[in-house]
Each structure stands twice: as structure tokens, then as C-alpha cells.
Amino acid sequence: MASQPFTWSSVSKTARGLLTTMQHTLTFFGVSALAMMALLYMRPELAHEASQLLAAPHKPAPVVVARAPVQAPALSALMTAPAPAPAPAVLAPNEPPILALDDKATHANRKQQEFVTTWLSKRYRVAGDAANMLVSTAYSTAREIKLDPLLILAVMAIESGLNPFAESPVGAQGLMQVMSKIHHEKFQDMGGTKAALNPVANIRVGSLILKEYVKRGGSVEAGLKTYVGAAAFETDQGYGSRVMNEYQKLKLVASGKKVPTFTAPAAPKPVLAEKASQEQIAGL
């Protein structure tokens with residue numbers, strides 16, 4: 001069989017065929033690329049996923065660290081003070097019965113404490129659990145030292161508005177605004193003066209101070225005047241009246257009476273001579 005002659009014409013046809021094929025191929029890929037770009041432009045999340053797939057082989061696998069669940073401590077654990085139980089108080093034969101204002105309040109049942117807790121919680125906008133802890137501590141302290149728990153709560157309300165972290169410009173601290181620097185010895189068995197902001201410790205020490213002043217003054221009114229630091233002044237500027245007014249309301253609440261809570265709490269007590277008289281009293 002004779003071979004076909006090799007001519008420039010056949011070469012030219014072959015070259016044109018290859019060029020046409022390449023042109024069609026490039027056109028196809030170009031159109032595909034434009035379509036892909038348009039798709040990625042319209043769907044940005046696809047571009048993000050594609051970039052993650054391309055980068056995945058170059059990144060180490062994420063390490064999953066198991067974390068133990070975080071649990072908040074119980075409220076009772078936060079408010080517990082290492083305070084030893086005081087010895088039962090022994091009243092002298094001639095001591096006037098001024099410390100037990102209301103025996104029924106001192107031995108109030110759980111229902112009465114619930115009444116008081118609910119009322120104080122609403123009146124001073126304190127969480128129910130926290131108010132319950134404060135009321136329970138006041139009642140238990142009152143039984144130990146033989147002082148009316150409602151008087152303790154009334155002083156707490158007027159002194160700090162039931163704020164355990166309150167601090168006055170002159171250094172009175174906590175629920176009962178105790179001058180911890182003056183009464184530091186009373187905090188020695190509870191961790192030192194830093195315990196003044198511990199609600200349990202503050203209630204205990206404040207109640208002991210209050211009882212001491214009431215006993216020394218011979219009446220609740222005189223004890224309150226000393227407690228606010230006004231023993232050396234003619235008047236306590238209404239502090240005792242505000243405490244006793246709050247006390248009377250608490251007595252009604254404890255007995256199951258409906259007492260409004262929307263009335264504005266009494267204004268904070270005035271600081272008389274920056275409680276300097278307490279320093280004199282402490283030195284007596």
C-alpha cells in the first residue's frame with residue numbers, strides 16, 4: 001500500500017483541529033470557572049466550607065478537653081462562721097427583765113419565721129434563700145444569748161438594709177454595722193476582723209454588743225442610743241425610734257398580720273461624732 005504524501009496542507013488541517021479542540025476545552029473550563037465563582041459569590045458559606053476543607057490537612061485535629069461541671073457552693077457554706085457556741089447567759093437576781101422583749105418571738109415556730117423572712121425579703125429586695133439564712137441566724141443567735149430576734153432583725157434592717165457587705169465611711173461593717181477595729185477581740189475566735197463581713201459572725205458579734213449596751217443602759221432605748229454612738233449626746237436623732245418602729249412591724253408580721261412592704265425603708269442612721277463614743281464605751 002502506498003503511503004499518502006506528506007504535505008503542508010495536511011499539517012495545517014491537523015494543527016487547526018488541535019487548536020479548535022484546545023479552544024473548546026479552554027472555553028469549557030473558563031465558563032465552569034465563571035459559574036463556580038458566581039456560585040461562591042452567591043453562597044459565601046460554600047466558600048468558607050471549601051477553604052476549611054483545603055486547609056484541613058495542614059491543621060492538627062482539635063483537642064477536646066473534658067471539663068468538670070462547675071457547681072456553686074451552697075448558701076449555708078458561704079455564710080458559716082467558725083463561731084463557738086457561747087455559754088448560756090446567767091442573769092443576776094436583781095437584773096431587770098429588759099432583754100426578753102417578747103418571749104413568744106424568741107420561741108417562735110417555723111411558720112412565724114417564714115412570715116418574717118417573706119416580709120423582709122420583699123421589703124428590702126433580698127433573695128428568699130439569703131433572707132431565710134439571715135432570719136434563721138438571728139433566731140438561733142437570739143436563743144443562745146437570750147435576746148429578742150426581732151430586735152436583732154430590726155437593728156439589721158435600719159443599720160444596713162440587710163446588706164451583709166455594707167461599710168460606712170467611718171469603718172462600721174456588715175449587717176449590724178459593727179466597728180470591728182474597736183470590737184476586734186470579739187472576732188478573735190471567728191478568724192479575726194475579716195470575719196466582720198461574714199453575716200453569721202457579724203450578727204453574733206453585733207447581737208452581743210447590743211445586749212451589752214441594753215443591759216448597761218437599763219432599757220432598750222438607752223441601749224440603742226449607745227449602739228448608734230450617741231451615748232454622749234442629748235439625742236440619737238431618731239435612730240431608736242426608727243429601730244423600734246421596725247421592731248413593732250416585725251412583731252405584727254410574726255403574728256401573721258398583713259403589714260405593707262411598699263413603704264420606703266427608713267433612711268440610714270446618722271453617724272454621730274463618727275461613732276467616737278463607742279471607743280469611749282469600749283474602754284469603760
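The first residue in the sequence is number 1, and the count goes up from there. From a predicted model like this one, the values you see are computed outputs, not experimental measurements.
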OG-CE distance between Ser168 and Met179, expressed to the nearest 0.5 angstrom: 6.0 Å
Less than 4.5 Å apart, side chain to side chain, heavy atoms only: is that true for Pro164 and Asn202? no
Looking only at heavy atoms, what is the nearest atom pair of Lys181 and His184, with distance? O-CD2, 3.0 Å
Looking at every heavy atom in both Ala230 and Thr235, which two are closest together, and how far apart are they? CB-O, 3.9 Å
Could you check whether any side-chain heavy atom of Leu162 comes within less than 4.5 Å of a side-chain heavy atom of Met156, counting everything from C-beta outward? yes
Which atom of Ala201 lies closest to which atom of Ala195, heavy atoms considered: CB-O, 3.4 Å
Measure the spacing between CZ of Arg110 and OG1 of Thr117 and express it to the nearest 0.5 Å. 10.5 Å
Drop me the distance from Arg204's CZ to Glu144's CD, to the nearest 0.5 angstrom. 4.5 Å
Could you label the plane-to-plane angle of the Tyr239 and Tyr227 rings as parallel, tilted or perpendicular, counting under 30° as parallel and over 60° as perpendicular? parallel
Any heavy-atom pair between the side chains of Asn163 and Tyr124 that's under 4.5 Å? no
In the structure I gave you, are the side-chain heavy atoms of Ile152 and Leu147 within less than 4.5 Å of one another anywhere? yes
Let me see the working for Gln112 and Val116 under side chain to side chain contact (heavy atoms under 4.5 Å, CB included), right down to the final yes or no. CA-CA 6 Å; Gln112 289 176 323; Val116 173; 5.7 Å; no
Are Leu197 and Ile182 grouped together when hydrophobic residues (ILVMFWY) are joined by side-chain heavy atoms under 4.5 angstrom apart? no
Side-chain donor or acceptor of Lys249 paired with backbone N/O of Thr261 under 3.5 Å: no
If we only count heavy atoms from C-beta on, is the Val253 to Leu150 side-chain gap below 4.5 Å? no
Would you call Lys111-Glu114 a salt bridge at under 4.0 Å N-O? yes
Nearest heavy-atom approach of Ala166 to Ser160 is CB-CB, 4.0 Å
Report the distance from atom NZ of Lys211 to atom CG of Asp148, rounding to the nearest 0.5 Å. 12.5 Å
Determine, step by step, whether Ile209 and His183 satisfy the side chain to side chain contact (heavy atoms under 4.5 Å, CB included) criterion, reporting the C-alpha distance in whole Å, the side-chain angles of both residues, the deciding distance to 0.1 Å, and the verdict. CA-CA 9 Å; Ile209 296 171; His183 302 283; 3.5 Å; yes
Between the CG atom in Leu153 and the CD1 atom in Ile203, the distance rounded to the nearest 0.5 Å is 7.5 Å
ILVMFWY cluster, Ile158 and Leu252 together (side-chain gap under 4.5 Å): yes
Mark yes or no for whether Lys186, through its side chain, and Ser180, through its backbone, hold a donor-acceptor pair below 3.5 Å. no
From Gln188 CD over to Thr193 OG1, what is the distance, rounded to the nearest 0.5 angstrom? 10.0 Å
With a 4.5 Å limit on heavy-atom distance, are the side chains of Arg123 and Glu246 in contact? yes
Validation row: Glu159, Val243 side chains within 4.5 angstrom (heavy atoms): no
Would you say that Leu210 contacts Leu224 through its side chain, given a criterion of any heavy-atom pair below 4.5 Å between the two side chains? yes
Closest heavy-atom pair, Phe187 versus Ala196, reported as atoms and distance to 0.1 Å, is CE2-CA, 3.7 Å
For the student: nearest non-hydrogen atoms of Ala127 and Ser121, plus distance: C-OG, 4.0 Å
How far apart are the C-alpha atoms of Val126 and Leu120, what are their side-chain angles, what is the distance that settles it, and do they pass the side chain to side chain contact (heavy atoms under 4.5 Å, CB included) test? CA-CA 7 Å; Val126 177; Leu120 288 174; over 6 Å; no
